[in-house]
J.: 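Before we start, here is the structure in question, set down as structure tokens.
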Amino acid sequence: MTRPQPLLEVDGLSVGYGIVPVIEEITLQVGRGEAVALLGANGAGKSTLLKAVSGLLVPGAGSIRFDGRDLSRLRAEALVTLGLSHVAEGRRIFRRETVLDNLLLGLYRLRLARAETAARVEEALAMFPALRQKADQLAGSLSGGQQQMLAIAQALVRKPRLLMLDEPSLGLAPNLVEEVFRTLAAVRAQGVSILLVEQVVERALEFADHAYLLQSGRLSGDGPAATLRGSEQVRRAYLGAAAAHAPS
Amino acid sequence: MEHAAPMPPPPAVRARLPALTTVVCAALIAAGLAAALSSSYFLMLMTFAAIYVLAAMGLNLLTGYAGIVSVAHGALICVGSYACAIATVRLGWSFWPAAALSAAVGMGFSALLGLPALRLSSWYFVLITIAFSLSVTAMINDLRALTGGYGGIVGIPPPALFGLPLEGFALLALVAAATALLWWAMRNLLHSRVGWALQSIREGDVRAQANGVSTARLRLFAFAFSGAIAGLAGAFFASAKTVVTPEDFSFDFSIFFLFVVVLGGGARLAGPLLGVAAFYVLPELLGSLKEYRMIAYGVGLLAFSVLLPEGLAGALAAIDERRAQRARLAPAADGAAAVQAQPAPAVAGMAVDVRELVKDFGGVRALDGVSVNVRPGHIHAIVGPNGSGKTTLLNLISGFYRPTSGAVDLGGVPAHTHGPTDIARLGVQRTFQTPRLMGELSVLDNVRFGGYVRERASGLELALRLPRALHESRAFDAEAMRLLATVGLAARAHERAALLPHGQQRLVEIARALLGRPRLLLLDEPAAGLSLGELDELGALMRAIRGTGITLVMVEHHIELVADIADTVTVLDRGRVLAEGTPQQVFADPAVIAAYTGGSA
Amino acid sequence: MLLEDLLALLATGVTMGAIYAMVAVSFNVAYKPTNVFNMAQGELVMLGAMFAWGLMTQSALPWLVGAALALAAVAAIGLFEERVAVAALLRKPSHHHGWIISTLAFSIIVLNVADHVYGTDPQPVPPVPGATLDTLQWGALTFSTQQVAVVLIAVASIALVEWVYRRTLVGKAVRAVAEDRDAARLNGISPARLTMTSFAIAAAYAALTGVVAAPLLLASTSIGLTLLVKGFMALAIGGVGSNWGALAAGILLGCVESLGSVSLTPDYRQVLLLAVVLLVLLVRPFGLFGRPGLREV
């Protein structure tokens with residue numbers, strides 16, 4: 001199976017905190033319109049990878065290219081204008097602002113005309129009807145699922161070409177997890193590329209086209225998502241040898 | 001346990017020059033004393049320099065070591081000076097009781113100013129001290145009957161010893177002796193649990209409280225100590241001048257001491273001496289700078305605080321360190337080989353009984369009715385996906401959070417109303433996700449800090465090296481070395497902790513926790529960032545710790561490690577207990593596999 | 001005490017309180033995106049007053065022109081301070097309270113340079129256009145129109161600051177940076193740029209305080225330190241971050257100070273105020289209107 005033309009290319013990326021390396025020599029791609037899952041146990045370095053791509057962390061070595069352009073010298077706040085949005089782990093919305101203001105803050109950098117701003121916000125609210133009802137409430141008063149929807153909506157108003165999500169289903173009840181994935185499917189249907197870090201592995205593999213496995217800061221494998229589903233390799237990456245023999 | 005103490009003589013590689021700081025300080029002192037003998041101008045200059053060093057050392061404890069910036073030091077010296085002047089001239093006391101009064105007055109004012117700052121961010125204290133400095137100058141002018149107003153108080157007598165007045169060089173010798181005595185006492189104190197505790201609060205309370213330090217009392221001590229030194233210095237100041245007037249104590253005088261401490265090198269014993277030499281004696285000799293001195297001070301303070309926050313003493317120490325690194329052919333702690341590895345002696349492990357624990361943060365429920373029973377002497381692992389509430393549970397057990405509802409019993413004692421300091425004193429030690437070591441201190445000192453709750457020698461005994469303090473310090477050093485050997489780091493005991501890689505810092509933290517002889521040890525992700533080899537060592541270490549009877553509760557993501565060593569595993573998911581049992585039971589549980597891989601849930 | 005005397009004292013107290021509140025609010029503006037308490041804020045007020053004297057009295061420029069130039073100049077100095085004394089330290093997490101020393105150092109430089117340039121004599125500055133320093137009698141109340149102007153400017157400017165934070169996207173972006181720096185960056189909001197803007201605006205606001213207070217206090221290099229302390233007191237009692245709280249606390253302080261002048265010398269009043277602040281902080285460490293922050297483990 002051939003993969004589409006790459007939109008994001010990460011090549012030999014190493015990132016560390018101080019002298020401690022967290023990820024080492026990671027090479028991966030996300031193709032145009034492709035959904036890629038990044039899997040691995042806690043502490044494997046998935047979030048670190050996303051943060052390096054979005055400019056929150058400065059890489060020690062390697063290169064990051066987005067649509068052929070080198071990102072490694074750009075600050076996080078400058079990247080959003082290029083069409084790259086990162087939904088951070090833990091529903092990092094602005095809790096002390098209203099839902100509407102959160103969406104407007106998502107557009108802060110783009111300095112759009114008033115009509116275009118209104119249209120974008122309207123589009124986002126149409127996609128998340130639950131948010132429309134609460135547009136004037138403080139984001140901190142939303143339920144966990146709605147906060148996650150808001151975090152995604154806040155990234156989507158910028159109409160990104162690549163959406164990176166860090167554990168969007170974290171701490172959500174199963175029915176809400178389904179809702180998150182339905183949303184992501186709708187986003188993908190619009191042609192947006194997706195790089196997804198997710199703990200709900202099976203669900204992520206069902207969703208994605210391609211997946212990379214991360215173990216202790218290094219890539220331990222990759223392949224089409226369909227062939228990785230239910231594989232021993234994936235379970236090992238999460239539970240280690242302890243569960244390798246357990247009945248499923 | 002003295003049999004482990006004698007170490008082989010250091011190998012020839014380690015024979016090196018004395019520290020540059022020592023050489024520079026010795027040269028400065030010698031030059032100062034020689035100059036003082038040569039002319040009365042130099043004698044006066046050196047006497048005041050010595051008084052300023054004495055005073056600045058007091059401020060160094062507060063600002064340098066404990067990290068609390070004060071602009072009141074000059075005002076406290078002023079208060080001390082006037083106390084001495086009033087007692088000697090108006091009341092006819094002799095110098096020594098008057099000096100004691102000065103110290104007491106300085107201590108009292110300093111502690112009073114510090115009271116509100118005990119609970120507040122440190123910049124509040126800066127402004128309170130500015131307000132105090134302005135008030136003191138104003139009040140001196142106002143309380144004319146007592147202070148003589150602008151005219152001041154004239155005729156303060158010199159100190160006398162055996163009926164002989166100490167004037168001229170004798171006064172300098174007295175001040176120098178007092179400074180040397182303070183230097184010695186502070187060196188002792190700062191290389192003890194009190195000093196480590198002081199430095200541990202510089203970056204917040206968490207680490208100190210986890211070690212059983214009552215941070216409010218410690219801060220109060222720092223305020224009182226620096227105030228007492230300022231008061232005493234004030235008495236010498238008054239005596240050396242024989243006259244005190246309000247003019248001597250402008251606001252700039254307070255700024256001067258802050259300047260000397262920061263630029264000389266905060267949290268370094270030699271800092272005040274270097275600071276006074278470079279920024280008082282030198283400008284006085286140059287003379288012409290006087291008019292622009294405050295501007296130069298300001299520029300210097302800004303430049304140093306941004307570019308060289310370690311100050312002059314820090315710069316000298318850095319040169320020393322680089323020299324030492326170049327000279328070191330092999331890691332030089334061969335003596336460590338003689339140290340026996342030995343974990344803590346046997347203790348009775350503590351049972352942990354967590355009942356129906358609920359914790360809300362704002363509107364988010366992090367823990368939703370969690371009950372866990374940890375049996376004494378077991379390794380109990382708490383695992384679960386991110387955000388499942390593991391670390392929250394650990395923080396509730398160790399007292400950093402108060403539960404919304406529910407109860408925690410530690411060894412049968414209801415503990416959920418206790419703060420972290422009290423919990424530590426019950427015999428609970430913990431480590432942190434990111435190791436919280438004091439990077440500037442040696443590895444050994446970091447471990448020694450763990451003994452805080454067990455050491456009995458008081459601050460006074462420690463400062464004066466009285467027998468109990470000496471004996472305790474030797475015993476704890478030996479025990480700390482054995483614990484370092486246990487975690488395999490004895491060879492690096494005398495290095496700066498910051499130089500160790502992350503994984504080893506974590507092991508140092510475990511050694512530190514063990515020195516507190518806990519009955520319960522809480523570990524927050526001990527395996528994070530460890531290499532495979534280090535993981536095996538960690539597993540062996542934890543078994544050895546369990547072997548001594550200590551109860552271990554660990555939050556851990558590394559499932560293989562958990563499966564390997566845990567007796568019991570509790571799986572949390574979204575703030576609730578999903579499963580509990582032996583590792584074999586738990587990791588075969590379909591619900592657990594689902595929670596981890598998100599399969600058919 | 002006669003009613004007239006009491007009312008006159010209260011009028012003075014409210015005016016002084018409004019000035020203290022403005023200093024406190026200028027602290028808040030710089031504090032919001034950075035958690036840095038700018039120790040030089042008092043000297044920036046002083047510069048506003050001295051520049052106003054130079055431009056309006058010495059160079060005889062019209063009030064509005066002089067005020068605009070003074071504000072712009074002090075804003076530039078505030079921006080310069082942010083670059084040399086704050087930005088570099090905020091990047092170094094290990095010295096996270098280094099800014100206390102560096103901004104204090106900056107304030108020492110400003111004060112002593114100003115002493116050299118201007119000397120220490122108090123200088124007159126013209127009142128706000130349309131206002132005078134002459135006293136008016138209104139029933140039992142004695143006041144000057146400049147006092148009224150100061151109070152009105154304080155209330156209006158605090159309302160404006162609140163409006164910016166609550167109603168404009170830039171203000172909300174500053175609040176977003178204060179709430180979650182990294183999340184703000186991922187949304188394209190630049191904390192560095194907002195910090196620079198906030199420092200410049202805080203400096204300009206301090207300068208405005210100096211310009212309108214100078215006709216009453218006289219412009220002299222010694223007012224900076226006093227106003228730093230009084231502004232801090234208003235801030236501490238009102239609660240850090242609370243602008244209306246600062247106004248209430250400032251007026252409270254101003255009135256305590258003013259009423260205290262009946263039986264106390266200025267020096268005793270200073271001690272009285274310090275005692276009030278220490279007492280409030282002991283009982284309510286986060287001020288009357290402030291909120292404690294969450295502790296991190």
Side-chain angles (χ1 to χ4, degrees), chain B residues 67 69 71 112-113 115-124 126-128 130-132 134-135 137-143 202-206 210 251-252 255 258-259 262 291-295 297-307 309 361-362 391 394-395 398 400-401 420 432 439, chain C residues 35-37 39 42 81 84-86 88-89 92 94-113 115-116 225-226 228-233 235-236 240 265-271 273-275 277-283 285-286 292-297:
Chain B
V69 177
V71 194
L112 190 69
L113 289 176
L115 273 183
L118 295 180
R119 291 197 284 170
L120 289 167
S121 176
S122 51
W123 59 260
Y124 277 87
V126 183
L127 284 143
I128 289 172
I130 292 177
F132 176 74
L134 297 179
S135 302
T137 326
M139 291 307 288
I140 297 264
N141 287 332
D142 235 52
L143 294 170
R202 202 164 33 191
E203 287 141 40
D205 284 355
V206 170
F251 185 65
D252 296 347
I255 296 284
L258 183 64
F259 178 80
V262 172
E291 196 186 346
Y292 294 97
R293 181 183 290 177
M294 283 312 291
I295 297 177
Y297 278 0
V299 173
L301 200 56
L302 180 58
F304 269 62
S305 65
V306 175
L307 303 174
F361 291 105
T391 297
L394 213 60
N395 283 335
S398 53
F400 281 101
Y401 295 159
F432 295 93
Chain C
N35 282 9
V36 165
F37 189 93
M39 299 283 165
E81 182 193 4
V84 300
V86 179
L89 286 167
K92 278 190 262 180
S94 52
H95 299 284
H96 61 309
H97 274 160
W99 54 262
I100 294 181
I101 304 273
S102 63
T103 59
L104 195 61
F106 192 83
S107 107
I108 295 168
I109 298 171
V110 170
L111 169 62
N112 286 284
V113 170
D115 267 344
H116 275 274
L225 202 55
T226 322
L228 173 81
V229 170
K230 300 282 171 62
F232 156 72
M233 288 176 168
L235 188 73
V240 173
T265 68
D267 301 339
Y268 277 101
R269 270 182 273 153
Q270 182 123 15
V271 177
L273 290 188
L274 179 59
V277 170
L278 289 180
L279 206 65
V280 169
L281 290 182
L282 271 178
V283 180
F286 297 96
L294 245 181
R295 105 153 105 196
E296 277 177 46
V297 175

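Each chain gets a letter, A, B and so on, in the order the sequences are listed, and its residues count up from 1. Just so you know, these numbers use all the heavy atoms, side chains as well, and skip hydrogens, waters and symmetry mates.
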J.: What part of C:Val283 lies closer than 4.5 angstrom to a heavy atom of chain B: side chain, backbone, both or neither?
T.: backbone
J.: Of the options C:Ile100, C:Ile108, C:Ile101, which is the one that meets B:Leu258 in a side chain to side chain contact (heavy atoms under 4.5 Å, CB included)?
T.: C:Ile101
J.: Drop me the distance from C:Leu278's CG to B:Leu113's CG, to the nearest 0.5 angstrom.
T.: 6.5 Å
J.: First locate atom CG of B:Asn141, then atom OG1 of C:Thr265, and finally report the distance between them rounded to the nearest 0.5 Å.
T.: 10.0 Å
J.: Side chain, backbone, both or neither: which part of B:Leu302 has an atom under 4.5 Å from a heavy atom of chain C?
T.: both
J.: I'd like to check B:Leu143 versus C:Tyr268 (side-chain heavy atoms, cut-off strictly below 4.5 Å). Are they in contact?
T.: yes
J.: Given that the side chain runs from C-beta out, which part of C:Leu104 has a heavy atom under 4.5 Å from chain B: side chain, backbone, both or neither?
T.: side chain
J.: Could you state the interatomic distance from CG (B:Leu134) to CD (C:Gln270), rounded to the nearest 0.5 Å?
T.: 5.5 Å
J.: For B:Met139 versus C:Asp267, what's the shortest heavy-atom pair and its separation?
T.: SD-O, 3.8 Å
J.: Which bit of B:Phe132 comes within less than 4.5 Å of chain C, counting heavy atoms only: side chain, backbone, both or neither?
T.: both
J.: Taking the side chain as C-beta and beyond, is there a heavy-atom pair between C:Phe37 and B:Leu127 under 4.5 Å?
T.: yes
J.: Locate the shortest heavy-atom distance separating C:Leu274 from B:Ser135; write the atom from each residue and the value.
T.: CD2-OG, 4.0 Å
J.: Tell me, do B:Ile130 and C:Leu225 make a side-chain contact under 4.5 Å, heavy atoms counted?
T.: yes
J.: Of the backbone (N, CA, C, O) and the side chain (C-beta and beyond), which part of B:Val299 lies under 4.5 Å from a heavy atom of chain C, both, or neither?
T.: both
J.: Heavy-atom distance under 4.5 Å to chain C: side chain of B:Val306, backbone, both or neither?
T.: both
J.: If every non-hydrogen atom of B:Ala131 is compared with every non-hydrogen atom of C:Met233, which pair is closest and at what distance?
T.: CB-CE, 4.1 Å
J.: With under 30° as parallel and over 60° as perpendicular, where do the rings of C:Phe232 and B:Tyr124 fit, or are they tilted in between?
T.: perpendicular
J.: Among B:Val262, B:Asp252, B:Val126, B:Thr137, single out the residue with the greatest number of heavy-atom pairs under 4.5 Å to chain C.
T.: B:Val126
J.: With a 4.5 angstrom heavy-atom cut-off, which part of C:Val271 approaches chain B: side chain, backbone, both or neither?
T.: both
J.: Side chain, backbone, both or neither: which part of C:Ala236 has an atom under 4.5 Å from a heavy atom of chain B?
T.: both
J.: Below 4.5 Å from any heavy atom of chain B, which atoms of C:Leu282 appear? Answer side chain, backbone, both or neither.
T.: both
J.: What residue, out of C:Asn112, C:Val86, C:Val84, has the most heavy-atom pairs lying under 4.5 Å from chain B?
T.: C:Asn112
J.: Heavy-atom distance under 4.5 Å to chain B: side chain of C:Leu273, backbone, both or neither?
T.: neither
J.: Which heavy atom of C:Ala105 sits nearest to which heavy atom of B:Gly298, and what is that distance?
T.: CB-O, 3.5 Å
